[in-house]
Amino acid sequence: MRAGVSDGVVFSGGWDDRAAALRSDEAALAVLAVRDDTRVLPVWRGKPLIAGEARDRLGWLGADSAVLAHARHKRLFLGFHTGRPHFAADVSGWEPDGLDRAALAMFFDPTEHHHPDLPGDHRFAELRGAMSLLSPADAAMAATARALFNWHRTHRFCSSCGARSDWVMAGWQRQCPACNAQHFPRTDPVVIMLVVRGNRMLLGRSPGWPEGMYSALAGFVEPGESLEAAVRREVFEETAIRTGAVRYLASQPWPWPNSLMLGFVAEALSDAITLDHELEDARWMTREELVDVLAGLHPEVRRPRAGAIAHFLISGWLAGHIN
């Protein structure tokens with residue numbers, strides 16, 4: 001991939017200053033938390049507040065918003081952007097009327113929820129539905145908040161002694177009051193790879209995915225394993241295809257729940273597919289077929305979700321940016 005091409009990966013941008021040095025300064029944070037220009041992003045059960053009919057901006061609130069009374073923790077300090085302090089708050093304690101609990105467990109939850117104290121165009125919505133519309137800074141801050149709240153929700157107890165741990169460092173660590181162990185946010189490395197052979201690319205689908213959904217092959221990196229070895233192992237385990245040259249392309253934070261997607265291109269040395277239990281199907285697709293897929297014209301394979309690194313990598317290969 002040519003230099004600079006990977007700059008457009010959703011969630012891979014940043015904001016002005018994470019201000020990590022302030023995370024341990026509770027007095028300074030207390031002042032920042034109530035400044036008139038402070039902005040707070042409420043997140044409800046993994047869904048950030050999205051504002052506007054175009055769904056292209058986050059619903060940043062003032063520090064005194066009534067919505068923030070539902071917060072389960074102290075506020076997560078994100079840092080500074082455009083000179084203003086930015087925080088996030090987990091407001092999952094709020095219970096909307098008529099909540100569809102079954103929808104919350106869906107692969108992609110399309111339901112949106114409006115809080116009565118907010119304007120009508122402010123709704124808690126699935127981040128994947130808006131991620132490609134947000135500014136790079138907003139997308140990165142929303143993904144960071146979602147990932148950290150996921151981590152706090154699933155790591156409430158000390159892994160050393162079992163005691164309930166405390167939220168510290170403005171939400172960027174947990175600490176055990178019993179044994180003093182420190183716990184840091186979890187990030188799981190995942191390799192995702194374009195497996196190519198001549199004019200064709202290998203795509204697969206997992207059981208339970210929506211009908212017609214295919215993507216680049218992917219899998220978690222195991223302990224003691226290099227990234228390149230993980231690419232070769234995952235491709236072989238899932239399809240029995242051997243790969244040769246492996247090259248890194250780009251990365252994407254992916255907060256479902258706490259992954260870092262590491263994109264590669266791998267040269268296939270064979271093309272006979274033998275599926276294992278992890279994939280429901282895998283198929284080779286020509287460049288011409290993939291053009292139809294991205295245009296939404298293929299009769300069997302749906303277009304990858306805009307904003308996901310799979311869409312970014314496949315588009316880059318079709319455009320000739322990836323050799």
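Because the structure is a prediction, the values reported are computed rather than measured. When a residue number appears, it is its place in the shown sequence, counting from 1.
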Run the numbers on Met261 and Ser251 for side-chain contact (heavy atoms from CB on, under 4.5 Å), then give the verdict.
-> CA-CA 5 Å; Met261 308 300 293; Ser251 65; over 6 Å; no

Looking at CG of Leu262 and CD1 of Ile192, how far apart are the two atoms once the value is rounded to the nearest 0.5 Å?
-> 10.0 Å

Note: Val195 and Trp284 closest approach over all heavy atoms is O-CZ3, 3.7 Å

Leu290 CG to Leu203 CG distance, which is reported to the nearest 0.5 Å = 6.0 Å

Please report the C-alpha distance between Val91 and Phe124 in whole Å, then the side-chain angles of each, then the deciding distance to 0.1 Å, and finally whether the side-chain contact (heavy atoms from CB on, under 4.5 Å) criterion is met.
-> CA-CA 10 Å; Val91 297; Phe124 292 101; 3.9 Å; yes

Within the distance-only criterion (no hydrogens, no angle test), does the side chain of Ser259 pair as donor or acceptor with the backbone N or O of Pro189 below 3.5 angstrom?
-> no

Does Thr239 reach the main-chain N or O of Val235 with its side chain, forming a donor-acceptor pair under 3.5 Å?
-> yes

Mind checking what makes salt bridge (charged side-chain N to carboxylate O under 4.0 Å, His left out) contact with Arg153, not counting sequence neighbours?
-> none

Any residue meeting salt bridge (charged side-chain N to carboxylate O under 4.0 Å, His left out) with Glu112, in chain and number order, not counting sequence neighbours = Arg55

Tell me, do Arg39 and Phe87 make a side-chain contact under 4.5 Å, heavy atoms counted?
-> no

Indicate if Trp256 and Phe312 have the same hydrophobic cluster label, given that clusters are the connected sets of ILVMFWY residues with side-chain heavy-atom separations under 4.5 angstrom.
-> yes

Can Trp15 and Asp138 be counted as having a side-chain donor-acceptor contact under 3.5 angstrom?
-> no

Whether Asn258 side chain and Ala147 backbone form a donor-acceptor pair below 3.5 Å = yes

Which residues satisfy the side-chain contact (heavy atoms from CB on, under 4.5 Å) test with Thr274, sequence neighbours excluded?
-> Ala240

Would you please name every residue forming a side chain to side chain donor-acceptor pair (under 3.5 Å) with Arg123, sequence neighbours left out?
-> none

Could I get the full list of salt bridge (charged side-chain N to carboxylate O under 4.0 Å, His left out) partners for Asp37, not counting sequence neighbours?
-> Arg35

May I have all residue pairs that pass salt bridge (Lys or Arg N to Asp or Glu O under 4.0 Å) and include part of residues 263-280, sequence neighbours excluded?
-> Arg197-Asp271, Arg200-Asp271, Arg205-Glu280

Ala63 meets the side-chain contact (heavy atoms from CB on, under 4.5 Å) criterion, sequence neighbours left out, with Thr38, Arg75

If every non-hydrogen atom of Val40 is compared with every non-hydrogen atom of Pro42, which pair is closest and at what distance?
-> O-CD, 3.3 Å

Common cluster, Val196/Leu294, ILVMFWY with side-chain heavy-atom separation under 4.5 Å | yes

Answer yes if the side chains of Lys47 and Thr111 hold a donor-acceptor pair under 3.5 Å, and no otherwise.
-> yes

For Glu237, does the CD atom sit with more than 12 other heavy atoms under 6.0 Å from it, leaving out its own atoms?
-> yes

Do side-chain atoms of Trp44 reach the backbone of Trp94 as a donor and acceptor pair under 3.5 angstrom?
-> yes

Keeping the roles fixed (side chain from Ser270, backbone from Ala272), state whether a donor-acceptor pair exists under 3.5 Å.
-> no

List the atom of Leu133, the atom of Ala54, and the distance in Å for their closest heavy-atom pair.
-> CD1-O, 3.6 Å

List the steps, then state whether side-chain contact (heavy atoms from CB on, under 4.5 Å) holds for Leu76 with Leu78.
-> CA-CA 6 Å; Leu76 168 67; Leu78 294 169; 4.0 Å; yes

Pairwise distance CE(Met193) to CG(Leu249) - rounded to 0.5 angstrom = 12.0 Å

Salt bridge or not for Arg23 and Asp25, using N-O below 4.0 Å?
-> no

Salt bridge (charged side-chain N to carboxylate O under 4.0 Å, His left out) involving Glu95 - partner list, sequence neighbours excluded | Arg45, Arg101

Under 3.5 Å, is there a donor-acceptor pair between the side chain of Arg302 and the main chain of Gly296?
-> no

All heavy atoms of Phe11 vs all of Ala143, minimum pair found to be CD2-CB, 3.6 Å

Side-chain (Gln252) to main-chain (Ile309) donor-acceptor, under 3.5 angstrom = yes

Which atom pairs, one a donor and one an acceptor, fall under 3.5 Å between side chains of residues 217-225 and the rest of the protein, sequence neighbours left out?
from, atom 1, to, atom 2, distance (Å)
Glu225, OE1, Glu222, N, 2.9
Glu225, OE1, Arg233, NE, 3.4
Glu225, OE1, Arg233, NH2, 3.0
Glu225, OE2, Arg233, NE, 2.6

Not counting sequence neighbours, list each pair that qualifies as a salt bridge (Lys or Arg N to Asp or Glu O under 4.0 Å) and has a residue in residues 8-18.
-> none

To the nearest 0.5 Å, how far apart are CG in Leu194 and CG in Leu202?
-> 10.0 Å

Measure the CD-CE distance between Glu289 and Met201 for me, rounded to the nearest 0.5 Å.
-> 12.0 Å

In the single-linkage hydrophobic clustering (I, L, V, M, F, W, Y; side-chain heavy atoms under 4.5 Å), do Leu22 and Val31 co-cluster?
-> no

Using atom types as modelled and distance alone, determine if a side-chain donor or acceptor of Arg247 lies under 3.5 Å from a backbone N or O of Val265.
-> no

Cluster link Val246 to Tyr248, ILVMFWY, side chain under 4.5 Å | yes

side-chain contact (heavy atoms from CB on, under 4.5 Å) with Pro185: which residues, sequence neighbours excluded?
-> Leu148, Trp151

Do Ser315 and Trp317 touch side chain to side chain, with heavy atoms closer than 4.5 Å?
-> no

Cluster overlap Val231 with Leu269, hydrophobic side-chain contacts below 4.5 Å = no

Would you check, one step at a time, whether the test side chain to side chain donor-acceptor pair (under 3.5 Å) holds for Arg287 with Asn199?
-> CA-CA 6 Å; Arg287 190 179 295 269; Asn199 191 46; 3.3 Å; yes

Look up atom CG in Leu49 and atom NE2 in His114, then write down how far apart they are to the nearest 0.5 Å.
-> 9.0 Å

Minimal non-hydrogen separation, His298 against Glu300, with atom names | ND1-N, 3.0 Å

Judged by atom type as modelled, is there a donor-acceptor pair below 3.5 Å linking the side chain of Asn150 to the main-chain atoms of Pro257?
-> yes

Is there a donor-acceptor contact under 3.5 Å from the side chain of His115 to the main chain of Leu118?
-> no

Could you tell me if the ring centre of His86 sits under 6.0 Å from that of Trp60?
-> yes

Which heavy atom of Ala142 sits nearest a heavy atom of Leu41, and at what distance?
-> CA-CD2, 4.0 Å

Only pairs under 3.5 Å count here: list side-chain donor-acceptor contacts from residues 161-179, not counting sequence neighbours, and write none if there are none.
from, atom 1, to, atom 2, distance (Å)
Ser165, OG, Arg156, O, 3.1
Ser165, OG, Arg174, NE, 2.8
Trp172, NE1, Phe77, O, 2.8
Arg174, NE, His155, O, 3.1
Arg174, NH1, His152, ND1, 2.8
Arg174, NH2, Ser165, O, 2.8
Gln175, NE2, Asn180, OD1, 2.5

